[in-house]
Amino acid sequence: MTTMDARSMGTSVRRIEGPDKVTGTAAYAGDTVAAGTLVLHPVQATVARGEITAIDTSAAEAVPGVVAVLTHRDAPRLGDTGDPEHRVLQGTTIHHRGQFVAAVLAEHAEAAAEAARLVVVSVDEAPSTTGFDPDAEAYTPAALGNGQQADTLVGDPDAALAAAPVVVRASYSTPMEHHNPMEPHATTATWIDGRLEVREASQGAELARQTLATLFDAEVTVRSPHVGGGFGTKGFLHAGTVLTVLAARTVPGRPVRFALGRRQMFETVGYRPATVQHMALGAAADGRLEVVAHDVVGATARYKEFVEPAGGSTRSMYAAPHRRTSHRAVPLDLDAPTYMRAPGEAPGSFGLECAVDELAVALDLDPIELRVRNEPDVHPENGLPFSSRGLVECLRTGAERFGWSSWDRAPRRRLVDGWWHGVGVGCGTFPAFRMPGSTAEITFTGGRYVVAIGAADIGQGARTVLTQIAADALGVDVDSIAVEIGSTQVPVGSIAGGSAGTASWGSTVVEAADRFRDKYGDAPDEGDHADAATPDNPWAEEYAMAAYCAQFAEVAVHADTGEIRVPRLLGMFGVGRILNPTLGRSQLQGGMVWGLSMALHEESVVDPRFGEVINHDLAGYHVAANADVRVVEAEWIDEDDAYVNPMGAKGIGEIGIVGVAAAIANAAYHATGVRVRSLPITCDDFLTSGLL
Amino acid sequence: MRPFTYARPDAAADAVATLAADPDARFLAGGTNLLDHLKLGVVEPTQLVDVTGITSTEITELDDGGLRIGAGVPNSDLAADPRVRERYPAVAAAILAGASGQLRNMASTGGNLLQRTRCAYFADPTTPCTKRDLSQGCSARGGWARYHAILGASEHCIATHPSDLAVALVALDAQVQVLGADGARTIPIAAFHRLPGDDPTRDTVLAHGDLVTAVDLPAPTPAVANSTYRKVRDRASYAFALVSAAVALEVREGTVVDVRIALGGVAHKPWRATTAEAALRGRPATDDEFRAAIAAELEAAEPVESPLGGNAYKIPLVTGTVVSTLRGLAGGVA
Amino acid sequence: MTTTIPMSITVDGERHDLDVDPRTTLLDALRERLGITTTKKGCDHGQCGACTVLLDGRRVLSCLTLAVAKDGAHVVTADGLATDGELHPVTEAFLANDAYQCGYCTPGQICSAVGAIDEARRGMPSAVTADLAADVTLDRSEIAERMSGNLCRCAAYVNIVSAVEEAAHR
């Protein structure tokens, strides 16, 4: 087994759409200026649960410029996708605050917004539960959000814990978090002669097409040429898209645009649900783990289940003969959670990797050495060999580069200019897999190879990297490749998600290129053409395949105020071949900053009296700003993995965030002696510890 | 947003007269706070009276050695003025600690003082708020109160004032020049902002139609020349204060001769820590004295407990912030 | 019925005459009325910086600016920074340093960077300027602080600072 030869792959080709992005001329879904476009403004439920008893639209309809006001009374009926989020204006039941209960269409935005404010919705409110109580009655989900089983059990963890010489038991909590891509979701929909044309901010135009075709029983074209960040929230379609298409159906021929407001991004497009993670680790005196138990209680929505698979990666991280993961769900009357960058791995690595750090302290052992001692030979639960596993090398090379050994392991030793400094490490993994269902089409025309596949460039650089893959697969320069992606007008593509986009589309492109060269050799004629569907990975059931990382953080905590800063982050990654070092580094660094942001800033605060996220804007919900980010280095080990895909590349969209929050929490402990087990970590945690 | 008309009078007196005649009219200056609130439906004026171009954008020397800052001076220009940077470092530092470069370019000096609270409930008309409507209750009590007041609050309101600049001005005893329907008057900055009491709808003592025309900085004292602004926030930048302190200090031979301390993020108005100042004057400039002085100030503190995050942490935070800042001004490590 | 008000505005060198509803922000006037979508809407409340433009030479947030109040003003968006077909040095530096990913915040970042570099050249201090009375040196820490009003959720911050550093020192 070998990976394909790389000539363009592995080089830092600039982003192909770069000139359009830096001038602003790249058109996103809301950047439509077609004459006659109507603006949609929604009316939203202001209670978390209840029944609509009446809607008075008369005042709204009287606002000059208003074209229509749509409610459940007159909205067209929809087909069934099985997704409750898609049942928009189909009845009177309110499942969550912010739910769309009506929509105003107007000639301009000011009129639409003003009219929406004048719609009077009468509601028979029902009791609701929107605050997450980890001790509330919980149920065992049939499956986790990513399809994994809820519980796993190997051996007898409780007995092993009772017998283990050293035990760490602690509970860690992670809050509700919202994706907040800079581009709020936007849809422009036009019905033309019974056909639907949509411009959508989507991580997968084909999935959007299928969804809309099912809902509206129509021929649908979806275009998403540029997407202003997704991070999971633009994977599955949400209610706003359906609402826009419904409304557009009432005004055939006219484009209807709905760009969500920032507050609506906290009510209708999903989030990462809160978790409380009960960790129990038992070890021998030499640090070898006897037992790993990771019991998760997480929030979900009552009307649509999504359970954060926070214990999932614990199943493969460390060797231990006795092991348990479990997930219980507490249903809430909120909008539905969904995938958010490294769903499961991001919060789950906080619990596991902080607990491992606490175990290292209990054992008086270097936390890197502790992890090395528990490196498994094969996947600890399913027994498969690893296709490649770079964790130990990431730890070793990262420690060297970071200067780990220069720090005294004891906490609270380094006070510099009024700031306590410390270092910490946290590790992580993210599966490397391939999604089926894409088709790549290669046509030689005008002296270039046009490579068409319904991939999505959400900022990860798909357009550029697929160009590089195609160039190498066809044995030509990148200048000879023209990649066409981002719509359903090209052959189908799977979504940009699961860190599997490049692996899936790339494998498909390579397959099509192989066929093309088999048919036409390297001197094709105008119009020569080949296509291929995503090939199965023959090794998928033979090997455990995943990316790994070791994240190193230096943290500073102000000795008087408890302010916490992260002067330095280093991520070492074992991710197979990096296809474009510049773009890859950017993406990994971005993920690491997400980890920093998760560690120090992000928390959606639900006020159960009102059923809403009360810090529902970017002033209240902090994401890391430029000044929060100091030195962030992403590096990788040389890793040759011939089993994952022909390119030898593991996905890098999500691994960047994994383990960072734990590294920062562990560094904060090292700096101050204060162990913070609840995110985000803020000055309060140190001020109320009595240690400052 | 409700429809409104737009007027741009040529003179301040006209602007004042227009507002005096129309209870639903509002002044528009930099607009950074007003536009936000118009969009949110927090305020619903029927007329905007644009005072940019009317209020002065000049910073001029006063006869007594102070400076007069026109109400129209953009925040960024005020912070960049060499006289302000050199003579009133706390003023420049306070402005630079606030908002972003873009917002500081837009926001005016007068408007900065008239910012409304960033209480999340105030900014959400679907939740009750006494500051928006006296007939409603305070949602912040029992709610997300992490940013809220520990001093001088009332049962009706625990909001904090968000201005950084105002905190520095309070420490420096600035004077606010106001033009009203009855003419011009001067209001000491300490008397400009209100505590909520029974009427949290009023942030300041201004009457409807009163226009801030300038802010006067008194001649700098040695303490003011040795002043700074320290802001503690959850992000390293572009965030409102959890707690802030404008502090001026003069120490001679190890003894505090003059000290000014004003606190942000703790009350409905910038909080002049007079108790702490009195406790410090004439005392040694040591951490222990600093700590004791701020502890005396905070005896009146009433933190709020809440399942969504209370603010008791502000007591050690104010203590740490003030002690650290005083120590830094006294020549130690901040 | 809302009365509209006539005004004119010059955007990227081109003068536009239009009638605006007094409620229309500069951002919406650009995007909705003039079809100039190079300026993006990220939050519409002054909390993200995506809508940053240069207004009469200064960086401002177009979402918190009423169009009607800027009659006669000159606006430059990221698309208008180029001169004689040459990309602006800041724009070029963003490309060279991969200082963007999804690209949505990028036009605002670039306008903000142009404004920030100009502010530093004019000697304006920032919150991290150690000595407020001294001259400003635009190091990485200064750049990060001055660019903090532009959120980037892809978190291209490290490269944004590199790009601004490169452009500022050209």
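Quick caveat: nothing in here was measured; it's all calculated off a predicted structure. Throughout, a chain's letter reflects where its sequence line sits, starting with A, and its residues are numbered from 1.
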Is there a donor-acceptor pair under 3.5 Å between the side chain of [X] and the backbone N or O of [Y]?
X       : Y       : result
R132(B) : F122(B) : yes
R116(B) : L34(B)  : no
S108(B) : A29(B)  : no
T24(C)  : D21(C)  : yes
R8(B)   : V51(B)  : no
R15(C)  : S8(C)   : no
T221(B) : V224(B) : yes
T46(B)  : F4(B)   : no
T32(B)  : L103(B) : no
R85(B)  : A134(C) : yes

Open item on the list: Using the rule given for side-chain contact (heavy atoms from CB on, under 4.5 Å), can you reason through T117(B) versus Y147(B), listing the C-alpha separation, both sets of side-chain angles and the distance that settles it, and then say yes or no?
Closed with: CA-CA 10 Å; T117(B) 183; Y147(B) 281 83; over 6 Å; no
When only heavy atoms count and the cut-off is under 4.5 Å, which of [range] reach chain B?
range                       : result
residues 150-170 of chain C : N150(C), L151(C)
residues 41-62 of chain C   : D44(C), H45(C), G46(C), Q47(C), C48(C), G49(C), T52(C), R58(C), R59(C), V60(C), L61(C)
residues 86-124 of chain C  : S112(C), E119(C), G123(C), M124(C)

Task: Largest heavy-atom contact set with chain C, pairs under 4.5 Å, which of N33(B), L38(B), L96(B) - done: L96(B)
- [ ] Report the option among R104(B), K231(B), R235(B), K39(B) that has the most heavy-atom pairs separated by less than 4.5 Å from atoms of chain C.
- [x] K39(B)
Open item on the list: Counting only non-hydrogen atoms closer than 4.5 Å, does T25(C) touch chain B with its backbone (N, CA, C, O), its side chain (CB onward), both, or neither?
Closed with: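 The side chain, not the backbone.
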Task: Heavy-atom pair of closest approach, residues L35(B) and T65(C) - done: CG-N, 4.4 Å
Task: Closest non-hydrogen atom pair, L132(C) against S126(C) - done: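 Distance-wise, the nearest heavy atoms are CD2-O, 4.3 Å.
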Open item on the list: With a 4.5 angstrom heavy-atom cut-off, is it the side chain or the backbone of A79(B) that approaches chain C, or both, or neither?
Closed with: backbone
Open item on the list: Please identify, among A133(C), S148(C), C63(C), the residue contributing the most non-hydrogen atom pairs under 4.5 Å to chain B.
Closed with: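 With the most close heavy-atom pairs to chain B, the winner is S148(C).
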TODO: Output the distance between atom CG (L40(B)) and atom CG (D36(B)), rounded to the nearest 0.5 Å.
DONE: 4.5 Å
Task: M147(C) side, atom CE; R140(C) side, atom CZ - distance, nearest 0.5 Å - done: 12.5 Å
Task: D50(B) side chain to T52(B) side chain, donor-acceptor N/O pair below 3.5 angstrom - done: yes
Task: Neighbour count above 12 (heavy atom, 6.0 Å) for D131(C) CG - done: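 Enclosed: over 12 neighbouring heavy atoms sit under 6.0 Å from CG of D131(C).
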TODO: Could you list which of residues 325-334 of chain B have a heavy atom closer than 4.5 Å to any heavy atom of chain C, in residue-number order?
DONE: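 None at all.
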Task: Check against side-chain hydrogen bond (donor to acceptor under 3.5 Å, both in side chains), Y88(B) and S227(B) - done: CA-CA 7 Å; Y88(B) 308 95; S227(B) 67; over 6 Å; no
